[in-house]
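In what follows, residues are counted from 1 in the order of the sequence shown.
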Amino acid sequence: MKRYFQPVEKDGSFKKQKDQLTANPSHSSPPTSNGTGLPPQTEEADGSVKKDPLKFMSWNANSLLLRLKKNRTEIADFVQRLDPDVIVIQEVRIPAAGGKGGSKNQGELKDDTSSAREEKQTLMRAISCPPLSNYRVWWSLGDSKYAGTALFVKHQFRPLKVSFSLDQTRSSALKHEVDGRVIVAEFEGFRLLNSYVPNNGWKDDATSFQRRRKWDQRMLDFVLGVSDKPLIWCGDLNVSHQDIDVSHPEFFSNAKIAGYMPPNKEILSMFVIQMTYLLWLWYFVDCGQPGFTIAERRRFSTILLQGKLLDTYRWLHKEPEQDCGYTWSGNPVGKYRGKRMRIDYFLVSETLKDRIVASNIHGHGIEMEGFLGSDHCPISLELSPMQDAS
């Protein structure tokens with residue numbers, strides 16, 4: 001599948017592609033094959049080559065196209081100030097190329113209708129201007145304006161491999177996850193995983209609890225299967241790990257819809273105990289706000305423990321921060337006003353902990369300052385160069 005919007009010429013001529021791109025500014029930087037055959041790393045002015053990025057930004061944009069239409073200047077100013085080497089985006093919400101009812105190319109933007117072409121051109125014009133023009137982009141998109149992820153990497157860095165699936169076997173790594181929820185970039189010193197984790201939902205059906213249980217198991221299998229290199233796992237992970245990660249623990253624990261009380265097969269299948277208080281716990285283990293149920297938090301703990309992963313923000317910020325300690329904020333109007341959660345993360349392998357320089361949340365307050373128009377704010381991670389690590 002193609003990652004960019006124009007196929008590589010059969011003769012491999014990048015000069016020909018450059019001429020074509022110049023003639024059509026709606027295209028991005030020259031395309032490369034998905035995960036293999038990446039161009040040589042770009043040399044700096046002094047002849048040096050940068051192997052591994054050190055500064056990262058993650059943001060659930062809640063529709064990248066909409067954000068670039070409405071908040072383009074604000075986004076450009078933020079990226080310019082932060083100057084990350086890598087930007088990962090969740091909820092791109094741009095449909096993949098391909099006709100209705102036919103196969104989709106999840107690495108390419110839809111452009112088979114006049115409205116789709118207009119949207120694509122609007123997006124490409126925005127990312128063809130500084131500072132986003134300083135980055136090479138990879139997409140993993142859904143069939144509709146739902147979910148989807150993107151990876152922006154500065155031109156002076158070249159990942160060794162880019163793939164789009166939690167299944168890292170050779171035959172599956174270049175296939176895309178359903179809804180384009182994953183992009184994996186392998187660099188010299190680590191792997192970077194950008195993921196938009198499915199919401200747990202409210203019911204024990206195939207699109208809610210069951211889907212999330214399967215996802216969490218696949219994520220654990222992925223983390224354990226790529227232990228040959230340190231891992232940086234980032235994105236919207238759709239879980240608040242501890243009480244400190246939500247503004248109102250009691251509110252989120254008791255949240256429900258229309259009085260629905262889910263069954264708890266996950267717990268009941270593990271224990272057969274008659275004690276009253278445990279039966280009560282089983283009844284409520286999947287209850288509450290999606291992202292803050294006991295079952296989700298417990299599975300997340302298992303992934304961190306078995307995968308030997310570290311929550312970089314909590315590693316550096318151990319005390320509650322009511323103004324700026326959350327990455328998602330509820331609608332400023334209604335019962336969710338002021339209700340906030342930390343569900344976006346930079347997790348790293350424990351072997352990288354001595355290289356953590358900073359891990360920050362860039363939005364704050366009930367009025368959602370710094371959220372750049374989304375319901376999530378950007379977060380960032382900075383590592384020290386390997387040779388400088390103590």
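- Between Trp202 and Gln289 the shortest side-chain heavy-atom distance falls below 4.5 Å.
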*Candidate pair Val348 and Ile356, rule side-chain contact (heavy atoms from CB on, under 4.5 Å), full reasoning*: CA-CA 9 Å; Val348 301; Ile356 300 172; 4.0 Å; yes

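- Leu66 and Ile75 are assigned to two separate hydrophobic clusters, defined by single-linkage of ILVMFWY side chains at heavy-atom distances under 4.5 Å.
- Within the 4.5 Å cutoff, side-chain heavy atoms of Leu64 are placed close to those of Leu123.
- There is a path of hydrophobic side-chain contacts, each under 4.5 Å, that joins Val79 to Leu65.
- Rounded to the nearest 0.5 angstrom, Arg67 CZ and Ile89 CD1 are separated by 11.5 Å.
- For the side chain to side chain donor-acceptor pair (under 3.5 Å) test, no residue two or more places apart in sequence or in another chain qualifies with Ser247.
- When the shell of 6.0 Å around CD of Gln242 is examined, it contains more than 12 heavy atoms from other residues, nucleotides or ligands.
- With a 4.5 Å cut-off on side-chain heavy atoms, Leu141 and Asn105 do not count as touching.
- Applying the ring-ring contact (aromatic ring centres under 6.0 Å, His included) rule to pairs touching residues 114-133 yields nothing, sequence neighbours excluded.
- Side chains of Phe346 and Ile379 form a contact here, defined as non-hydrogen atoms less than 4.5 Å apart.
- Residues satisfying the salt bridge (charged side-chain N to carboxylate O under 4.0 Å, His left out) criterion with Arg72, sequence neighbours excluded, are absent altogether.
- Glu188 has no carboxylate O lying under 4.0 Å from a charged side-chain N of Arg158, or vice versa, which leaves the two without a salt bridge.
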_I'd like to know whether Val223 forms a side-chain contact (heavy atoms from CB on, under 4.5 Å) with Gln306, so could you lay out the CA-CA distance, the side-chain angles of the two residues, the decisive distance to 0.1 Å, and finally the verdict._
CA-CA 9 Å; Val223 171; Gln306 295 190 19; over 6 Å; no

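- No side-chain heavy atom of Val246 sits less than 4.5 Å from a side-chain heavy atom of Arg342.
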*Going through the checks in order, is the side-chain contact (heavy atoms from CB on, under 4.5 Å) test met by Gln210 and Asp204?*
CA-CA 6 Å; Gln210 296 170 24; Asp204 193 3; 3.5 Å; yes

*Trace of the salt bridge (charged side-chain N to carboxylate O under 4.0 Å, His left out) decision for Arg297 with Asp243*: CA-CA 10 Å; Arg297 296 162 68 188; Asp243 284 4; 3.0 Å; yes

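- Proximity of a side-chain donor or acceptor of Asn238 to a complementary backbone N or O of Val197 within less than 3.5 Å is detected.
- Among residues at least two apart or in separate chains, ring-ring contact (aromatic ring centres under 6.0 Å, His included) pairs with a member in residues 210-244 are His241-Phe300.
- Between the side chains of Ser240 and Asp245, no donor N or O sits under 3.5 Å from an acceptor N or O.
- Side-chain contact check for Phe56 versus Ile232: some heavy-atom pair is nearer than 4.5 Å.
- Counting only heavy atoms from C-beta outward, the side chains of Glu91 and Thr149 never approach each other to under 4.5 Å.
- At least one donor-acceptor pair closer than 3.5 Å links the side chain of Lys104 to the backbone N or O of Gly99.
- Considering CD1 of Ile294 and OG of Ser253, their distance stands at 7.5 Å, rounded to 0.5 Å.
- For Lys339, there are no side chain to side chain donor-acceptor pair (under 3.5 Å) partners two or more places apart in sequence or in a different chain.
- Side-chain contacts under 4.5 Å among hydrophobic residues (ILVMFWY), followed directly or transitively, place Ile244 with no other residue at all.
- When only modelled atom types and interatomic distance are considered, Asp344 and Thr327 share a side-chain donor-acceptor pair under 3.5 Å.
- Annotation: side chain to side chain donor-acceptor pair (under 3.5 Å) contacts of Arg181 (sequence neighbours excluded): Tyr146.
- Checking Asn60, Asn194, Asp236 one by one against Gln90, the side chain to side chain donor-acceptor pair (under 3.5 Å) holds for a single residue, Asn194.
- Between Asp286 and Arg213 there is a salt bridge, with a side-chain nitrogen of the basic residue lying less than 4.0 Å from a carboxylate oxygen of the acidic one.
- Judged as a salt bridge (charged side-chain N to carboxylate O under 4.0 Å, His left out), and not counting sequence neighbours, the contacts of Arg337 are Glu367.
- If you take OG on Ser359 and OH on Tyr345, they are separated by 11.5 Å, rounding to the nearest 0.5 Å.
- Salt-bridge annotation for Asp112 and Lys110: present, with a side-chain N of the basic residue lying under 4.0 Å from a carboxylate O of the acidic one.
- Note: Thr122 OG1 to Met124 CE = 11.0 Å, rounded to the nearest 0.5 Å.
- Two residues are said to be in side-chain contact when any heavy atoms from C-beta on lie closer than 4.5 Å; Val182 and Phe164 fail this criterion.
- Salt-bridge formation is not detected for the pair Asp111/Arg117: no Lys NZ or Arg NE/NH1/NH2 atom is positioned less than 4.0 Å from an Asp or Glu carboxylate oxygen.
- Applying the 6.0 Å contact sphere to NZ of Lys145 captures no more than 12 heavy atoms from other residues, nucleotides or ligands.
- Of the possible polar contacts, none joining the Asp77 side chain to the Glu74 backbone as a donor-acceptor pair under 3.5 Å is found.
- Among pairs with a residue in residues 59-95, those fulfilling ring-ring contact (aromatic ring centres under 6.0 Å, His included) read Phe78-His362, at least two apart in sequence or across chains.
- A donor-acceptor contact closer than 3.5 angstrom links the side chains of Glu321 and Tyr313.
- If you check the side chains of Ser165 and Asp167, you find no donor sitting under 3.5 Å from an acceptor.
- The hydrophobic cluster containing Leu352 does not contain Leu193, counting ILVMFWY residues as joined when their side-chain heavy atoms lie under 4.5 angstrom apart, directly or transitively.
- For the pairing with Arg212, the side chain to side chain contact (heavy atoms under 4.5 Å, CB included) check across Val239, Thr293, Asn199 returns one residue only, Val239.
- Evaluation of the side chain to side chain donor-acceptor pair (under 3.5 Å) rule for Ser329 yields no partner, not counting sequence neighbours.
- Ring pair Phe251/Phe292: centre-to-centre distance not below 6.0 Å.
- Residue pairs satisfying the ring-ring contact (aromatic ring centres under 6.0 Å, His included) criterion with at least one member in residues 98-125, sequence neighbours excluded, are absent.
- In this structure, Cys324 SG and Arg340 CZ are separated by 9.0 Å, a value rounded to the nearest 0.5 Å.
- Leu310 and Leu381 end up in the same hydrophobic cluster when Ile, Leu, Val, Met, Phe, Trp and Tyr side chains are linked at under 4.5 Å.
- Distance alone, capped at 3.5 Å, places no donor-acceptor pair between the Arg191 side chain and the Glu186 backbone.
- Clustering of Ile, Leu, Val, Met, Phe, Trp and Tyr by side-chain heavy atoms under 4.5 Å joins Met368 with Phe371.
- Ion pair Lys154/Asp83 flagged as a salt bridge, since at least one NZ, NE, NH1 or NH2 atom sits closer than 4.0 Å to an Asp/Glu carboxylate oxygen.
- More than 12 heavy atoms of other residues, nucleotides or ligands sit less than 6.0 Å from atom NZ of Lys229.
- Atoms CG and CG, on Asn331 and Asp375 in that order, are 9.0 Å from each other to the nearest 0.5 Å.
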